[in-house]
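For clarity, every value in this text was computed on a predicted model and none was experimentally measured.
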Amino acid sequence: ALPWQSELQYGLIVASSAVPLAWFLSAGLHQAESGERLINCAVHGAPGGLNFEAMGFSVALLALIVSLVLPSLLRERGLARAPVQSEDVSVQLQRIDILLDDRPALRTLRGMLVVEDTCETPIATEGVVAPRVRLRTSFARGLDDEALCAALHHELEHLRGRDSLRYFLARLALAVNPLGRVLLRDELARWVLARELHCDRAAVVSGASAPALAQALVSAARPPSREHQSALGSAKAETIRLRVGLLLAYADQHPLAAAQPSSLRPALGLLGLVLILPHHAGTLPLDTIHRASERAVALLTGD
């Protein structure tokens, strides 16, 4: 997919859950702070005061979000601790330091690389708050210098695109939306593939050897990956064939750089509008949804 198409696809996946969730949370807080009551509350015509129904609704949403976000943040904090370094780890770290010194395009990775004997994936970009590249010692040892540098170029593109944060937000959006998880699962897989292809191309444009990156890709794909991450490897054979085929084609015809528009500012602007709107529009939109929901339940139950 073209960069703007990829951004639009990702926006639709995330916004389908994030925008309604943010609006409901903001609307519930508005009613709690203003003391206004829903049209269909149990007590009609009661004097003004805090709306405990709206407060409970907002607290429930906040609890849901925290329960989904907190495990990932705690896991990231645990991964940030310095691992026990074996002699093999020290050798690979020294080797990588030399490679970074020889290649200015990769020097951005200095201080952002972790080599571990027990890394779950051969190589991956992880971390929502402080992303870093984690490598398995055996994977780094099995690659020559060109293939290892090509793999690092690929992960550097993931870092520049904040893909670990993007993947986390997409999984979070589908986690709070059971229907969306069914309907948009394939769309998310296609978007992830588009990001991987973009990072492959950008890595070659930045100076990575296309055949060397193909070699690293095949090597990383051999061990199974436990979960979808912004990682070099992929478990699907057809995906590997597609990426390797494109990389070999890049060896004959160097790819052109694809300008990638930033979607952060428009997304933050839309989120801000969604959060502010209920505080200026009153309770009518939420009241309408409340009545429609009650009517739908009544029709389904025959009451």
Side-chain angles (χ1 to χ4, degrees), residues 1-13 99-100 102-109 112-113 121-126 131-135 139-140 143-167 169-170 186-222 225 228-264:
L2 296 175
W4 68 268
Q5 292 175 332
S6 178
E7 294 295 333
L8 178 60
Q9 185 181 28
Y10 179 77
L12 291 175
I13 293 171
L99 293 176
L100 295 184
D102 292 340
R103 292 166 171 79
L106 291 176
R107 289 176 185 172
T108 307
L109 290 174
M112 304 178 70
L113 289 166
T121 54
I123 181 171
T125 298
E126 297 181 353
R132 61 185 62 202
V133 177
R134 299 178 67 227
L135 296 90
F139 173 73
L143 296 179
D144 58 31
D145 289 349
E146 282 300 321
L148 181 56
C149 287
L152 293 177
H153 269 290
H154 176 94
E155 297 304 323
L156 178 59
E157 296 304 323
H158 279 303
L159 283 172
R160 288 172 174 168
R162 300 286 296 182
D163 282 346
S164 55
L165 175 60
R166 292 189 187 198
Y167 289 11
L169 293 177
D186 292 339
E187 286 299 318
L188 178 60
R190 280 190 284 269
W191 178 81
V192 169
L193 174 58
R195 283 300 305 166
E196 294 296 337
L197 294 175
H198 173 82
C199 291
D200 287 344
R201 176 175 57 186
V204 176
V205 171
S206 299
S209 166
L213 182 54
Q215 175 192 346
L217 175 61
V218 173
S219 178
R222 286 169 186 162
S225 179
H228 288 294
Q229 303 179 55
S230 43
L232 183 66
S234 176
K236 293 186 178 180
E238 59 269 22
T239 300
I240 300 299
R241 285 195 292 267
L242 173 61
R243 293 175 62 185
V244 169
L246 288 174
L247 286 169
L248 294 180
Y250 292 157
D252 296 330
Q253 183 175 355
H254 198 72
L256 300 176
Q260 183 173 354
S262 174
S263 59
L264 183 59

S.K.: Is the shortest heavy-atom distance from the side chain of Arg166 to the side chain of Trp191 under 4.5 Å?
M.R.: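 Touching, per the 4.5 Å side-chain cut-off.
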
S.K.: Does Arg190 form a side chain to side chain contact (heavy atoms under 4.5 Å, CB included) with Asp186? I'd like the steps, not just the answer.
M.R.: CA-CA 6 Å; Arg190 280 190 284 269; Asp186 292 339; 4.0 Å; yes

S.K.: Taking the side chain as every heavy atom from C-beta outward, state whether Leu148 and Leu135 have any pair of such atoms under 4.5 Å apart.
M.R.: yes

S.K.: Could you tell me the separation between the CG atom of Leu12 and the CD atom of Glu187, rounded to the nearest 0.5 Å?
M.R.: 8.5 Å

S.K.: So, do Asp102 and Asp145 sit near enough that their side-chain heavy atoms are less than 4.5 Å apart?
M.R.: no

S.K.: Run the salt bridge (charged side-chain N to carboxylate O under 4.0 Å, His left out) test on Arg134 and Glu155 for me, step by step, so that the C-alpha distance in whole Å, both residues' side-chain angles and the decisive distance to 0.1 Å come before the verdict.
M.R.: CA-CA 10 Å; Arg134 299 178 67 227; Glu155 297 304 323; over 6 Å; no

S.K.: What heavy-atom pair brings Arg160 and Ala105 nearest, and what distance separates the two atoms?
M.R.: NH2-O, 4.1 Å

S.K.: CD of Gln253: more than 12 outside heavy atoms within 6.0 angstrom?
M.R.: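 Not buried by this count: 12 neighbours or fewer within 6.0 Å.
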
S.K.: Give every donor-acceptor pair under 3.5 Å between a side-chain atom in residues 205-216 and any protein atom, sequence neighbours left out.
M.R.:
{"from": "Ser206", "atom 1": "OG", "to": "Glu157", "atom 2": "OE2", "distance (Å)": "3.4"}
{"from": "Ser206", "atom 1": "OG", "to": "Ala202", "atom 2": "O", "distance (Å)": "2.9"}
{"from": "Ser209", "atom 1": "OG", "to": "Ala212", "atom 2": "N", "distance (Å)": "3.4"}

S.K.: Is there a side-chain contact between Arg243 and Thr239 in this structure, where contact means two heavy atoms from C-beta onward sitting under 4.5 Å apart?
M.R.: yes

S.K.: To the nearest 0.5 Å, tell me how far Met112 CE sits from Leu100 CG.
M.R.: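 So the CE of Met112 and the CG of Leu100 are separated by 12.0 Å.
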
S.K.: Is the shortest side-chain heavy-atom distance between Cys149 and Arg103 below 4.5 Å?
M.R.: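 Yes, their side chains come closer than 4.5 Å.
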
S.K.: Return the CD1 to CG distance between Ile240 and Leu247, rounded to the nearest 0.5 Å.
M.R.: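 Reported to 0.5 Å precision, the distance equals 10.0 Å.
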
S.K.: Measuring only between side-chain heavy atoms, which start at C-beta, is Thr108 closer than 4.5 Å to Leu156?
M.R.: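 Thr108 reaches Leu156 side chain to side chain.
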
S.K.: Please evaluate residues Leu242 and Leu193 with respect to the criterion side chain to side chain contact (heavy atoms under 4.5 Å, CB included), reporting the C-alpha separation (whole Å), side-chain torsions for both, the decisive distance (0.1 Å), and the verdict.
M.R.: CA-CA 10 Å; Leu242 173 61; Leu193 174 58; 4.1 Å; yes

S.K.: To check you understand the geometry: which heavy-atom pair defines the closest contact between Pro122 and Phe139, and what is its length?
M.R.: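 Looks like O-CD2, 3.5 Å.
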
S.K.: Passes side chain to side chain contact (heavy atoms under 4.5 Å, CB included), Ser6 versus Arg195? Steps please.
M.R.: CA-CA 8 Å; Ser6 178; Arg195 283 300 305 166; 4.3 Å; yes

S.K.: Which residue in the set Val204, Asp163, Thr125, Leu159 passes side-chain contact (heavy atoms from CB on, under 4.5 Å) when paired with Cys199?
M.R.: Asp163

S.K.: Would you say the side-chain atoms of Tyr250 pair up with the backbone N or O of Asp200, donor to acceptor, closer than 3.5 Å?
M.R.: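 No.
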
S.K.: Sequence neighbours left out, what passes salt bridge (charged side-chain N to carboxylate O under 4.0 Å, His left out) with Arg107? Give chain and number order.
M.R.: none

S.K.: Heavy-atom distance under 4.5 Å between the side chains of Leu165 and Pro131, does that happen here?
M.R.: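 Leu165 vs Pro131: side chains apart.
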
